[in-house]
*Asks:* 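Below is a structure I'd like to ask you about.
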Amino acid sequence: MAGQAQIIDGKAVAEQVRAQVARDVANLKNSHGITPGLAVVIVGEDPASQVYVRNKGKQTTAAGMKSVEHKLPATVSELKLLELVGELNRADDIHGILVQLPLPKHIDAAKVIEAIDPLKDVDGFHPVNVGRLSIGARALVPCTPAGCMILAKTVKPSLEGLDAIVIGRSNIVGKPLAQLLLAAGCTVTVAHSKTRDLPAQVRRADLVMAAVGRPEFVRGDWIKPGAIVIDVGINRVTGADGRDKLVGDVAYDEAAKVAGAITPVPGGVGPMTIACLLRNTLEAARGVAGDVG
Ligand code: NAD
């Protein structure tokens with residue numbers, strides 16, 4: 001049974017973000033004759049990545065942007081991939097470049113990310129964007145963390161002064177999320193696999209962001225009453241009925257009884273990632289148009 005917490009509807013919020021992007025894309029076309037273009041590069045046949053890339057393409061087109069997909073075989077050489085990135089860097093009609101991760105083992109992902117023009121790095125993984133985010137300069141911000149911030153702000157528009165905990169310190173989620181929370185004026189704890197007494201750390205937090213990658217790891221009795229809980233985790237588990245289902249990193253039913261607001265899985269953070277990717281592509285294109293201050 002659901003508890004008292006407000007359920008944060010990530011699907012609805014993502015739809016609003018995409019609608020705003022579509023309006024802004026139309027304005028950019030009118031004012032500057034620019035159609036934002038996103039190129040997605042996928043290497044190999046990983047089924048999850050294929051589905052994800054297909055969704056990105058559909059939603060990019062639906063927002064009025066140009067979508068280009070480059071499918072390369074798993075055996076492609078690092079050099080060939082770097083050459084393609086170079087071509088996309090130079091292409092005037094492409095404003096955002098995303099190389100779908102993970103890449104095959106023979107390719108150095110860091111090298112590929114660093115080859116992307118930072119102004120077209122819509123994943124926000126290039127060291128220039130990582131650095132700019134950390135010094136509070138304008139940057140292309142990683143999509144999933146950006147989505148988490150939007151969701152938290154739907155509950156509390158100013159997060160200033162809150163005690164926040166991020167569980168997980170990965171480069172794609174935990175670390176950028178911590179930077180965004182700092183920039184929003186939170187007092188931030190970053191917990192990870194070596195953290196001592198994690199439940200006690202979580203109990204102090206007004207805002208809990210879980211990006212651990214372990215099903216239902218954060219328990220309800222760790223949550224401070226009234227806290228905002230944003231669950232980044234997407235874990236496939238076998239349910240009691242023998243069917244596969246998705247669960248988050250937070251034990252939802254328990255936490256929903258204590259929290260003030262919580263994101264479900266699925267339908268929470270997940271849909272925000274592509275919406276924020278579209279926003280980044282628009283921002284990259286606007287940068288070219290020179291009308292972003
Ligand atoms: P990761 O494996 O790179 O990082 C996990 C982090 O959790 C590590 O920093 C580790 O220190 C920490 N951790 C592991 N065990 C811990 C423990 N016992 N106590 C405290 N911390 C612990 O994972 P990631 O890429 O950051 O992804 C995290 C989760 O978010 C996964 O479930 C992933 O599927 C999900 N994810 C969702 C989206 C999305 O919604 N679109 C995007 C990216 C990741």
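Whatever order the structure lists ligands and atoms in, that order sets their numbers, starting from 1.
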*Asks:* Any atoms of ligand 1 less than 4.0 Å from a non-hydrogen atom of Gly270? List them with their elements.
*Replies:* 40 (O)

*Asks:* With heavy atoms of Gly168 as the reference, note each atom of ligand 1 found under 4.0 Å away.
*Replies:* 6 (C), 7 (O), 9 (O), 12 (C)

*Asks:* When rounded to the nearest 0.5 angstrom, what is the spacing between CD in Gln20 and CZ in Arg23?
*Replies:* 4.5 Å

*Asks:* Does ligand 1 have any atom that is closer than 4.0 Å to a heavy atom of Ala191?
*Replies:* no

*Asks:* Identify the heavy atoms of Ala14 and Pro271 that sit nearest to each other, and give their distance.
*Replies:* CB-O, 3.4 Å

*Asks:* Can you tell me how far the CG atom of Leu162 sits from the CG atom of Leu207, to the nearest 0.5 Å?
*Replies:* 6.0 Å

*Asks:* What heavy-atom pair brings Ile97 and Leu38 nearest, and what distance separates the two atoms?
*Replies:* N-CD1, 4.4 Å

*Asks:* So which protein heavy atom does atom 11 (O) of ligand 1 come closest to, and at what separation?
*Replies:* Ser193 N, 3.1 Å

*Asks:* Below 4.0 angstrom from a heavy atom of Gly213, which ligand 1 atoms are there? Numbered from 1 as shown, please.
*Replies:* 28 (C), 29 (C), 31 (C), 32 (O)

*Asks:* For Val269, counting its heavy atoms only, list the atoms of ligand 1 lying under 4.0 Å from any of them.
*Replies:* 40 (O)

*Asks:* Ion pair present between Asp24 and Arg286, side-chain N to carboxylate O less than 4.0 angstrom?
*Replies:* yes

*Asks:* Determine the minimum heavy-atom distance between Ile94 and Gly96, stating which atoms define it.
*Replies:* CG2-O, 3.4 Å

*Asks:* Tell me the protein heavy atom at minimum distance from atom 3 (O) of ligand 1, and give that distance in Å.
*Replies:* Ser170 CB, 3.3 Å

*Asks:* With atoms numbered from 1 as shown, which atoms in ligand 1 lie under 4.0 angstrom from a non-hydrogen atom of Ile172?
*Replies:* 25 (O)

*Asks:* Specify the protein heavy atom at minimum distance from atom 33 (C) of ligand 1: its residue, its atom name, and the distance to 0.1 Å.
*Replies:* Ile234 N, 4.2 Å

*Asks:* Just need the protein heavy atom nearest to atom 9 (O) of ligand 1, so name the residue and atom and give the distance.
*Replies:* Arg169 N, 2.8 Å

*Asks:* What atoms in ligand 1 come closer than 4.0 Å to a heavy atom of Phe217?
*Replies:* 17 (C), 18 (N), 19 (N)

*Asks:* Arg214: heavy atom below 4.0 Å from ligand 1, yes or no?
*Replies:* yes

*Asks:* Any donor-acceptor pair under 3.5 Å linking the side-chain atoms of Asp46 with those of Gln50?
*Replies:* no

*Asks:* Where the closest heavy atom to atom 13 (N) of ligand 1 is concerned, which of Val166, Val212, Thr144 has it?
*Replies:* Val212

*Asks:* So if I count the atoms of ligand 1 from 1 in the order they appear, which ones are less than 4.0 Å from some heavy atom of Asn235?
*Replies:* 32 (O)

*Asks:* Where is the nearest protein heavy atom to atom 43 (C) of ligand 1: which residue, which atom, and how far?
*Replies:* Val173 CG2, 3.8 Å

*Asks:* If you compare all heavy atoms of Val190 against all heavy atoms of Ala178, which two are closest, and at what distance to 0.1 Å?
*Replies:* CG2-CB, 3.6 Å

*Asks:* Just wondering, are more than 12 heavy atoms of other shown residues or ligands nearer than 6.0 Å to CG in Asp197?
*Replies:* yes

*Asks:* Just let me know how Thr195 lines up against ligand 1, side chain, backbone, both or neither, with a heavy-atom cut-off below 4.0 Å.
*Replies:* neither

*Asks:* Check for a donor-acceptor pair, side chain of Ser49 on one end and backbone N or O of Glu45 on the other, with a separation under 3.5 Å.
*Replies:* no

*Asks:* Which residue supplies the protein heavy atom nearest to atom 35 (C) of ligand 1, what is that atom called, and how far is it?
*Replies:* Val232 O, 3.3 Å

*Asks:* Which protein non-hydrogen atom lies closest to atom 20 (C) of ligand 1, naming both residue and atom, and how far is it?
*Replies:* His192 O, 3.1 Å

*Asks:* In the protein, which heavy atom is nearest to atom 41 (N) of ligand 1, and how far is it?
*Replies:* Thr273 OG1, 2.8 Å

*Asks:* What is the minimum heavy-atom distance between Leu133 and Pro142, and which atoms define it?
*Replies:* CD2-CD, 4.4 Å

*Asks:* Supply the atom-to-atom distance Arg169 CZ to Ser193 OG, rounded to the nearest 0.5 angstrom.
*Replies:* 5.0 Å

